[in-house]
Amino acid sequence: METAALIEILDREGRLLAAAAAEAGVDAPVPTCPGWRVRDLLEHLGGVHLWATRFVAEGLTERVPAPAAPELDEAGLVAWYRECHRALVDTLTAADPEVKCFTFLPAPSPLEFWARRQAHETAVHRVDAEAARGGDFSRCTPEFAADGVDELLIGFHSLARSRVRTEVPRTLRVSASDRDAVWTIRLSEDVPRIERGGEGAADCELGGPAHDLYLALWNRLPITALSVAGDAELATLWRERSGI
């Protein structure tokens, strides 16, 4: 996706998140993040937004810690989150496309990386805020949802930190029914090998609209929201070990 489109989505998702958080109240539990309340969600994401803003605004080339959130009352915390989100959106919008700074996943450019990462970080946590509020989740476009699946699989689960492993080689396939998008996940005791495309047989196939895949693979919807064909134990393995 284009960087400008990702920044627009980040803008929308953060505003939706703040609105849902204000409706839920900062003491409301977050069902999709056991043990968290909305306060934890806002403090976490506001700090992440400020962290990302520093890399781009200051051109930092080494990792620095995320800042701690201030101690604020309910109205103050929601307002603080809105300020952090607006600072990030404005920084990314005004940034030099050739900015050089720290990143932690491969990307065409640092600016594209941070726009993409923060758009998906915010979208997933927007779902958390809406879960705390209750009611239906806002829907992502199929294009953005498929991009989020791609980032999760090709980005995060190609790293050594992925805990999705099997004692014997197994293959899991993921297919978006409303996009021309398929991923093949080759599992073993080593780091998962993930490919775009559907070459070869699979032991288990997970399918559904890109939006449902996006939320289920991020463990914001149950895997049972997807179609599961073949060895359902691999779907269970994903649910139990795929947390980032």
Side-chain angles (χ1 to χ4, degrees), residues 1-17 19-20 30-33 105 115-158 162 164 170-187 192 194-244:
M1 294 186 67
E2 295 293 327
T3 299
L6 290 165
I7 296 172
E8 288 179 4
I9 292 169
L10 166 62
D11 186 16
R12 170 184 178 271
E13 293 291 335
R15 287 185 283 108
L16 286 173
L17 186 153
V30 181
T32 46
C33 294
L105 293 176
R116 186 192 200 199
R117 177 80 290 277
Q118 288 297 290
H120 289 299
E121 178 86 2
T122 307
V124 170
H125 284 314
R126 180 264 300 162
V127 171
D128 296 329
E130 291 179 340
R133 178 199 63 194
D136 294 336
F137 295 148
S138 305
R139 294 190 69 84
C140 302
T141 66
E143 180 186 18
F144 178 69
D147 184 74
V149 173
D150 190 81
E151 187 207 39
L152 175 63
L153 298 180
I154 300 292
F156 286 106
H157 282 286
S158 293
S162 176
V164 185
R170 308 286 281 165
T171 300
L172 175 64
R173 181 156 294 131
V174 174
S175 302
S177 59
D178 53 353
R179 297 289 295 176
D180 183 18
V182 180
W183 299 264
T184 299
I185 307 167
R186 304 194 188 280
L187 300 171
I194 302 170
E195 308 154 4
R196 297 182 184 99
E199 294 297 321
D203 298 294
C204 178
E205 297 194 20
L206 303 178
H211 175 267
D212 293 351
L213 283 175
Y214 183 41
L215 298 192
L217 293 177
W218 272 107
N219 295 315
R220 264 57 184 192
L221 283 178
I223 285 290
T224 52
L226 307 176
S227 66
V228 180
D231 185 357
E233 288 187 3
L234 287 181
T236 301
L237 177 76
W238 182 273
R239 187 186 71 243
E240 293 176 347
R241 299 191 187 178
S242 65
I244 298 296

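Keep in mind it's a predicted model, so treat the numbers as computed, not measured. What's counted below: heavy atoms across the whole structure, side chains too, no hydrogens, waters or symmetry copies. Sequential numbering from 1 along the given sequence is applied to the chain's residues.
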Exercise. So, R179 and D147, do they make that salt bridge, N to O below 4.0 Å?
Worked result: no
Please answer whether the main-chain N or O of [Y] pairs with a side-chain N or O of [X] as donor and acceptor at a distance below 3.5 Å.
X    : Y    : value
T184 : E195 : no
R133 : D136 : yes
S162 : S158 : no
D203 : G230 : no
R173 : G207 : no

State the [atom1]-[atom2] distance between [X] and [Y], to the nearest 0.5 angstrom.
X    : Y    : atom1 : atom2 : result
E13  : L6   : CD    : CG    : 11.5 Å
L187 : C204 : CG    : SG    : 10.0 Å
T122 : D128 : OG1   : CG    : 11.0 Å
F137 : D212 : CZ    : CG    : 10.5 Å
T32  : L215 : OG1   : CG    : 9.5 Å
L152 : H157 : CG    : NE2   : 4.5 Å

Taking C-beta and beyond as the side chain, do [X] and [Y] meet within less than 4.5 Å on heavy atoms?
X    : Y    : value
I244 : W218 : yes
L213 : L226 : yes
D150 : R116 : yes
N219 : S242 : yes
L172 : V164 : no
E121 : L10  : no
M1   : E143 : yes

For the student: nearest non-hydrogen atoms of [X] and [Y], plus distance:
X    : Y    : answer
I7   : A115 : CG1-CB, 3.9 Å
A216 : P222 : CB-O, 4.1 Å
D178 : A210 : OD1-N, 2.8 Å
R139 : R12  : O-NH2, 3.6 Å

Exercise. Cut-off 3.5 Å, side chains only: do E130 and S138 have a donor facing an acceptor?
Worked result: yes
For this session: Evaluate the criterion side-chain contact (heavy atoms from CB on, under 4.5 Å) for residue pair L234 and L237; output intermediate values, then yes/no.
Result: CA-CA 5 Å; L234 287 181; L237 177 76; 4.1 Å; yes
Problem set entry | side-chain contact (heavy atoms from CB on, under 4.5 Å) between C140 and R126, intermediate numbers included | CA-CA 11 Å; C140 302; R126 180 264 300 162; 3.6 Å; yes
For this session: Take Y214 and V124 through the side-chain contact (heavy atoms from CB on, under 4.5 Å) test and state the conclusion after the steps.
Result: CA-CA 9 Å; Y214 183 41; V124 170; 3.8 Å; yes
For this session: Run the ring-centre check on H211 versus F144 and record whether the distance is less than 6.0 Å.
Result: no
